[in-house]
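Shown next, in structure tokens, is the structure this report addresses.
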Amino acid sequence: MNKVKDLLKTIKSIRFTKWQKMIFLIALIGLIVSAPYIITDNYILHIVILCSIYACLTLSLNMIIGWSGQFSLGHVCLYGMGAYITTLLMTQTGMNFFPATILSTAFTSGFAMLLCLPTLKLRGDYLAVITLGFGEVFRLFLTNSVSITRGPAGIPNIPDPVIFGYVISSKQAYFYFVALIVILFVVFMKRFNNSGFGMAMIVVNEDDIAATALGINVKKYKLLGFALGGGMAAFMGSFYAVYMGMISPTSFAYAESIKMVSMVVLGGIGSIPGSILGAVLLTALPEVLRAFSEYRMVIYGALMVVMMIFRPEGIWSRSSRMLNEYKIKAFENYKKK
Amino acid sequence: MFFQHLLNGIIVGGIYAMVALGYSMVYGVLQIVNWAHADVLMFATFIGLLLTTYLKMPVFAMVLLVALFASVLGMSVERVAYRPIKSGNRKMAVLVSALGMSTFLQNLAQLIFGSGTRQFKAIESKSFSFSGFTITNLQILILVVTSVMLLILYILVYRTKIGIAMRACSVSVDNAKLMGINTNLIISGTFGVGAFMAGVAGILIGVYYSAVYPTMGYLLGMKAFAAAILGGIGSIPGAVFGGFIIGTIESLGAGYISSAYRDAFAFFVMILILVVRPSGLMGAKHIDKV
Amino acid sequence: MNTIIETKEVTIKFGGLVAVDSVNLVQKKGEVLSLIGPNGAGKTTLFNLLTGVYKCTSGNIFFDHNKITDLKAHERTRLGIARTFQNIRLIKSMTVLENVLVAHPDCQNESLLKSVLSPGKANKKRREVVDECMELLKIVGLEEMESEMATSLPYGKQRLLEIARGLATKPKLLLLDEPGAGMNNFEKEELTDVIHYITQEMKVTVLIIEHDMKFVMGISDRIIVLDHGQKIAEGTPAEIQTNPRVIEAYLGSGEFKDEEDK
């Protein structure tokens with residue numbers, strides 16, 4: 001256990017020079033470009049795409065839990081809302097994927113803020129219960145409003161996205177698309193985390209009374225944290241809808257929220273690499289261990305308990321180095337003077 | 001019709017109250033939400049189902065055995081998932097661990113008992129009606145059992161030494177420890193008592209709807225928690241009161257507004273209460289010390 | 001004309017307890033004012049009222065002649081009221097410098113869009129912010145420890161860091177809640193120098209709660225004494241030292257009577 005800890009510490013403390021970063025980046029791009037040619041099995045490619053979707057979802061939930069410090073158990077509600085709105089816009093009005101996604105992302109962000117508004121003053125557990133409740137009400141709505149959502153049957157035949165006349169329909173094309181989304185999400189989260197905005201959010205998360213004393217508007221950050229996380233989730237929901245080609249209320253059930261929370265917790269609350277690690281582990285492992293698939297949720301549950309007892313900060317804990325980046329670049333200049 | 005809905009509401013409300021007590025008492029002592037509470041209830045109900053169908057056990061013995069089983073399970077949950085956690089951000093860690101426990105129990109039940117709904121018939125039901133107003137022997141039984149259980153709890157908490165120790169712990173665990181109270185024992189006991197009530201409530205609701213299934217704890221637990229919040233979490237009379245209110249609102253809402261959204265009413269009430277009066281109807285106001 | 005903060009009949013009740021009872025307080029710009037009183041006299045509660053952590057039950061607060069009674073805590077900070085906490089509230093996951101950085105308005109106001117889309121441009125501004133914050137750390141003598149975790153500092157240094165953090169919000173008035181608690185005599189001298197620097201060089205007015213009488217008498221221009229939520233005395237250190245009501249509040253009336261009997 002200690003050896004693993006030390007190893008992680010060394011990995012985290014490695015700092016790359018500009019050149020090394022460039023080489024790493026080129027290698028990564030090469031890997032992404034060649035991946036569909038290496039992985040010829042469509043099933044494995046499907047798992048890779050699922051891992052990517054969950055990685056982004058975990059990042060979006062981590063934005064809410066890890067950065068803005070609000071425990072949400074209703075993440076499927078936002079994810080599903082994005083998926084359904086995009087789908088309805090595409091199937092009912094014939095809108096293209098991109099404008100539909102922008103609309104649904106914006107709407108869901110707004111809704112997330114509305115959801116967060118009454119709970120701003122509440123302590124963690126209450127917020128968890130309320131978001132859980134919203135998830136449940138949302139599911140009830142999906143199943144009961146047959147005229148809008150077609151109820152439990154779900155909506156089939158969702159058209160593929162079209163970009164500059166090119167239809168994204170093959171698994172390979174979807175893979176490139178999702179890889180791009182993952183990169184965008186990671187870059188966004190990293191820059192967000194290094195920004196003054198992100199730092200202020202961490203203060204809000206850690207101590208809201210200290211935050212107000214520093215002139216930080218706690219409400220604003222909590223609302224925006226929820227809105228950002230919700231928007232990201234809605235975006236992934238939209239992607240999920242067009243990728244699967246059909247959606248139904250069962251894809252957005254309570255267990256899905258729990259799954260995302262376990263990914264956040266396993267990877268590391270407030271950690272970007274952790275989110276990806278957690279999502280990939282919990283998506284890929286059950287697929288690899290086919291025999292265990294029916295034990296999946298049992299294992300998730302046990303894992304959450306065990307993690308909290310032995311390593312509550314997750315596998316790849318939030319490191320202070322990430323926070324430092326605001327400083328590092330500016331500080332080097334200070335020292336040069 | 002109104003009185004019929006009201007009666008149904010009060011009967012279900014009594015069951016909610018019994019479950020809500022478990023949440024409220026644990027919160028009172030440890031300031032944590034025992035997410036696994038409702039799943040302990042579900043597990044216990046399944047045990048009751050097995051005892052009745054396979055061992056043909058008499059009802060009274062079965063209920064007692066199930067309640068004791070629930071107690072033991074409840075105490076083990078505390079021992080396994082809550083007590084060992086001593087990390088810096090304890091609140092978050094306990095919340096996640098509690099959720100994990102809940103997920104674990106729920107899905108373990110699914111593995112063992114299957115995910116389908118089982119019928120639960122422990123008592124032959126008879127109904128009596130007076131002038132358009134129906135009540136079944138089951139409902140009468142539920143009313144009686146609920147009242148007796150609440151009375152026993154009242155005596156335990158307000159009239160015994162253990163009750164005094166429990167109330168001392170809910171004011172401050174640290175101070176209670178300094179006064180020589182074995183707080184670990186009291187915390188265990190609180191979980192045990194809460195789970196005991198939940199075990200009985202589980203049998204009642206299982207028999208009432210004649211349905212036992214692995215996710216039954218999920219909705220029931222949320223409603224009971226809503227009741228605990230409504231009454232003011234940590235407050236015992238509040239939990240009872242909240243239970244009856246949630247039960248009644250739900251029954252009236254399902255009867256007069258929409259039965260498809262039956263399960264949503266509890267939440268709307270809960271959210272409304274939290275917004276207007278975050279400390280609940282009977283809860284103590286919370287002041288942050290700076 | 002040159003008052004910085006003024007309270008008029010400020011009162012707060014917690015249930016039946018009147019924690020602060022119609023207190024009138026006036027502080028001039030540049031004046032070092034101290035609040036003293038026995039434990040539970042309502043000093044920190046009064047601070048919480050001034051900074052907006054609690055809302056007054058009745059009465060009004062004026063800052064720079066503007067009514068701020070209904071403003072929220074962060075809005076008051078933005079106007080220029082900064083504070084430190086009695087039980088230190090530094091951000092545990094951040095380093096010394098970061099703790100000061102997050103308090104800087106320019107750091108907080110950095111537009112998210114800008115920092116996400118063009119971090120290079122944002123960096124320029126960041127450089128200035130870091131420079132300013134390092135200057136503040138120099139004032140409290142912590143510039144060498146900028147990259148240590150805030151909570152790994154010794155107690156006394158953490159209090160100094162809180163002062164630097166408060167200064168980073170660019171205040172006109174700085175409220176110090178027991179800044180000398182847990183400090184040894186040497187550190188207290190340092191603290192005195194820091195406070196002198198803040199008031200004289202930086203032109204920030206300071207309001208202090210402190211229990212160490214020697215420290216209070218040495219640094220204050222004027223002292224206000226609270227007991228049971230009420231203001232019982234006000235005056236220069238010399239006046240306060242000889243005020244019979246203050247002695248009564250601190251030592252209890254019994255002992256005072258004994259002296260009279262002699």
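Every chain is numbered from 1, with letters handed out A, B, ... down the list of sequences. Keep in mind the model is a prediction, meaning the values are calculated, not measured.
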Side-chain donor-acceptor pairs of residues 165-175 of chain C under 3.5 Å, sequence neighbours excluded:
residue	atom	partner	partner atom	Å
C:Arg165	NH1	C:Arg89	O	3.0
C:Arg165	NH2	C:Arg89	O	2.7
C:Arg165	NH2	C:Glu162	OE2	3.4
C:Thr169	OG1	C:Gly166	O	2.6
C:Lys170	NZ	C:Glu132	OE1	3.2
C:Lys172	NZ	C:Asp64	OD2	3.3

Heavy-atom contact with chain A under 4.5 Å, split by part of C:Lys114 = neither
Sort out for me which of A:Val187, A:Asp207, A:Leu214 touches chain C most, counting heavy-atom pairs under 4.5 Å.
-> A:Leu214
For C:Asn48 and C:Arg83, does a side-chain donor sit closer than 3.5 Å to a side-chain acceptor?
-> yes
Side chain, backbone, both or neither of C:Leu117 within contact of chain A (heavy atoms, under 4.5 Å) | backbone
May I ask you to say whether C:Arg126 pairs ionically with C:Glu110, meaning some side-chain N is under 4.0 Å from a carboxylate O?
-> yes
Would you please say whether a donor-acceptor pair under 3.5 Å links the side chains of C:Ser34 and C:Ser220?
-> yes
